[in-house]
Amino acid sequence: MRKVQRRNELSKQVGAIKNKLNIGVKDEKVEQDIRTFISKLSNEIGIDPYFAGRLLNILLAESTRLQVNEQDSQTQFESHLTVFMNAKKLEASGKKIIHMEVGEPDYPPPENVRKALSKVFESRQYHYSETKGITKLRTAIAQKWGNHVNADQVIVTPGGRFAVFAAISSLLSIGDELICVEPAWPAYRECAAFVGSTTKILKTTLEEEWNPDTGKLEDMISCSTKMIVLNYPNNPTGRVLDKNIVDKIVSLARDHSIYLLSDEVYSDYAFNGFTSLLGYGYEKSIIISSFSKSHAMTGFRVGYAIAEENIVNKMAKIQATGLTSVAEPMQYAALAAVEESSSENAKRMKRRLGIICNKLQEMSLEFVEPDGAMYVYPKLSGGKRDVTIIRKALDLGVAIAPGSGFGDCYSEFIRISACQPEDQLEKGMDLLKAAVS
Ligand code: PMP
């Protein structure tokens, strides 16, 4: 314990230096070298390398926590949600704000959803339901995904977010590792941190069109690695991966018997086609989906996961412990949405993203044209920092998400959401242009 205490003291000092030099807290290369060393050493001295790896991860996590605290005391972290809150405050004081920071469609859910919801009282569909979700909804979801899926492989959750939480918290333990491709929606690493697991980051770059390097991914896998998370179409980049990259990732997961969490909540917004990971038939994959984006039902809080029954049952235990089930009226509303096509929503989103891309081209900003989702993730020019620009933009009346909310080394990026009518997007982009210049 004295050695741990000494290690923590040194760690804090290192954190202060990193902060001064503006270096990110995590250094994957250094961590990887220590892991390789520990794995070799534990074999030599006869300790189970899986146990040694988890113990090391606990020490590394403590260093990271102390160093982040050190940085937090000196810099203010901003994410799309803090921008959203600030924008709301400004609106409350009478200022007009165009919301291009959150991924919440402005158009309504399908008419049948409204009808189903208004029928709930009459039909008395307002009781406790099975934890995994009402059979009718699970069956309808299973049918939508194909004959090889059955209702027992589906769990209905309050939004895709809870499906992610239930998967991570039921399959990972303290000291286990999760590999996440960044930039990424921050919830994956937040869930991992919640259960005391370590997130290893596979960084991707604009120059490589946000494609993960599968060679690097292979090098990152250790005996403590339990899960790889993929999210395509991607939030924030809008990218969809080429099939050969997905093939390679699935085969790595198979070879090392690692869970594959595939967050496909934007799959209905894939403009040039998308193949779900479900098609690979890998028994350790978990597919996440949601009605929030596809059918503009964010506030209904209905999402789901598809996986082998033994995985679904583990996730159901978390759900039973925390919330019994998704509200039954909302499950009936979602049932009405399953058969509703979302292709018009996808066309509309593609048009809107086109408007944003044209404006970005006029501004000479670099970006990769999105294959799907609801966002564009451009790089600011001339070394400008995201936080400076988004503050200026908010002053002018448009809310934009900072790129650094999606990973430590993306402070030169911003995420622009297309969830506004076209005329508002045009106006918002003009205000952003003014802020940048
Ligand atoms: N996954 C990704 C990648 C997301 O961006 C979001 C929402 N922003 C979700 C999951 C969760 O959505 P919900 O909980 O509303 O289904």
Side-chain angles (χ1 to χ4, degrees), residues 79-85 99-106 109 113 133 137 141 154-169 178 180-192 199 204 210 227-241 260-270 274 276-277 286-306 315 318-319 322-323 326-327 330-331 333-334 337-338 342 345 349 353 370-377 399 401-403 405-407 415-419:
S79 71
H80 62 287
L81 289 177
T82 48
V83 176
F84 180 65
M85 296 304 165
H99 287 278
M100 291 168 69
E101 79 284 36
V102 281
E104 171 152 40
D106 57 308
V113 171
L137 178 55
I141 291 169
V154 178
I155 176 168
V156 179
T157 54
R161 181 185 274 272
F162 197 81
V164 168
F165 175 77
I168 293 177
S169 58
L178 167 145
C180 183
V181 183
E182 278 194 355
W185 188 48
Y188 314 119
R189 55 167 156 170
E190 286 164 6
C191 290
T199 302
T204 60
W210 306 116
M227 184 182 276
I228 299 173
V229 179
L230 301 178
N231 163 226
Y232 298 97
N234 182 263
N235 173 11
T237 66
R239 279 287 280 140
V240 168
L241 292 186
L260 252 185
L261 184 82
S262 181
D263 181 346
E264 302 179 5
V265 301
Y266 296 102
S267 62
D268 283 25
Y269 294 92
F274 171 73
S276 167
L277 242 77
I286 304 108
I287 313 299
I288 308 287
S289 194
S290 171
F291 293 91
S292 289
K293 317 288 178 177
S294 59
H295 294 85
M297 291 170 65
T298 45
F300 287 67
R301 310 306 303 131
V302 189
Y304 56 93
I306 302 176
M315 292 171 67
I318 304 273
Q319 180 140 296
L323 51 94
V326 173
M330 297 308 162
Q331 295 192 56
V338 178
S342 53
N345 291 349
M349 196 53 73
L353 288 169
D371 306 307
M374 305 171 157
Y375 317 102
V376 193
Y377 198 60
F406 303 90
R415 188 196 72 175
I416 306 172
S417 162
C419 295

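What you see below is based on every heavy atom in this structure, not just the backbone, and it leaves out hydrogens, waters and symmetry mates. Indexing begins at 1, ligand by ligand and atom by atom, following the structure's order.
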Worksheet item: Nearest protein heavy-atom contact for atom 15 (O) of ligand 1: which residue, which atom, what distance?
Response: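 Nearest protein contact, heavy atoms only, for atom 15 (O) of ligand 1 is Ser292 OG, 2.7 Å.
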
Are any of the N/O atoms on [X], whether in the backbone or the side chain, positioned under 3.5 angstrom from an N/O atom of ligand 1?
X      : result
Arg161 : yes
Lys293 : yes
Asn231 : no
Gly159 : no

Worksheet item: Is ligand 1 under 4.0 Å from a heavy atom in the side chain of Tyr304, in the backbone, in both, or in neither?
Response: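 Neither part.
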
Check each atom of ligand 1 against the heavy atoms of [X] and keep those under 4.0 Å away; list them by number with element.
X      : result
Tyr188 : 3 (C)
Arg301 : 13 (P), 14 (O), 15 (O)
Gly160 : 13 (P), 14 (O), 16 (O)
Tyr266 : 2 (C), 3 (C), 4 (C), 5 (O), 8 (N)
Ser290 : 13 (P), 16 (O)

Worksheet item: Does at least one non-hydrogen atom of Thr298 fall below 4.0 angstrom from an atom of ligand 1?
Response: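 Outside the 4.0 Å threshold, so no.
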
Discussion item. I'd like to know if Phe165 contacts ligand 1, where contact means a heavy-atom distance under 4.0 Å to any ligand atom.
Written reply: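 The answer is no, since Phe165 has no heavy atom less than 4.0 Å from ligand 1.
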
Note, [X] side chain near [Y] side chain (heavy atom, < 4.5 Å):
X      : Y      : result
Thr157 : Gln319 : yes
Phe274 : Pro233 : yes
Pro158 : Leu323 : yes
Val113 : Phe300 : yes
Tyr188 : Thr199 : no

Interatomic spacing from [atom1] in [X] to [atom2] in [Y] - rounded to 0.5 Å:
X      : Y      : atom1 : atom2 : answer
Thr237 : Trp210 : OG1   : CH2   : 7.0 Å
Met315 : Phe162 : CE    : CZ    : 8.5 Å
Glu264 : Lys293 : CD    : NZ    : 15.5 Å

Fill in: Nearest-option assignment for atom 2 (C) of ligand 1, heavy atoms, candidates Asp263, Asn235, Val229, Ile288
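Minimum heavy-atom distance to atom 2 (C) of ligand 1 goes to Asp263.
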
Practice prompt. Could you give me the CA-CA distance, side-chain angles and deciding distance for Asn234 and Tyr377, then say whether side chain to side chain donor-acceptor pair (under 3.5 Å) is met?
Written response: CA-CA 10 Å; Asn234 182 263; Tyr377 198 60; over 6 Å; no

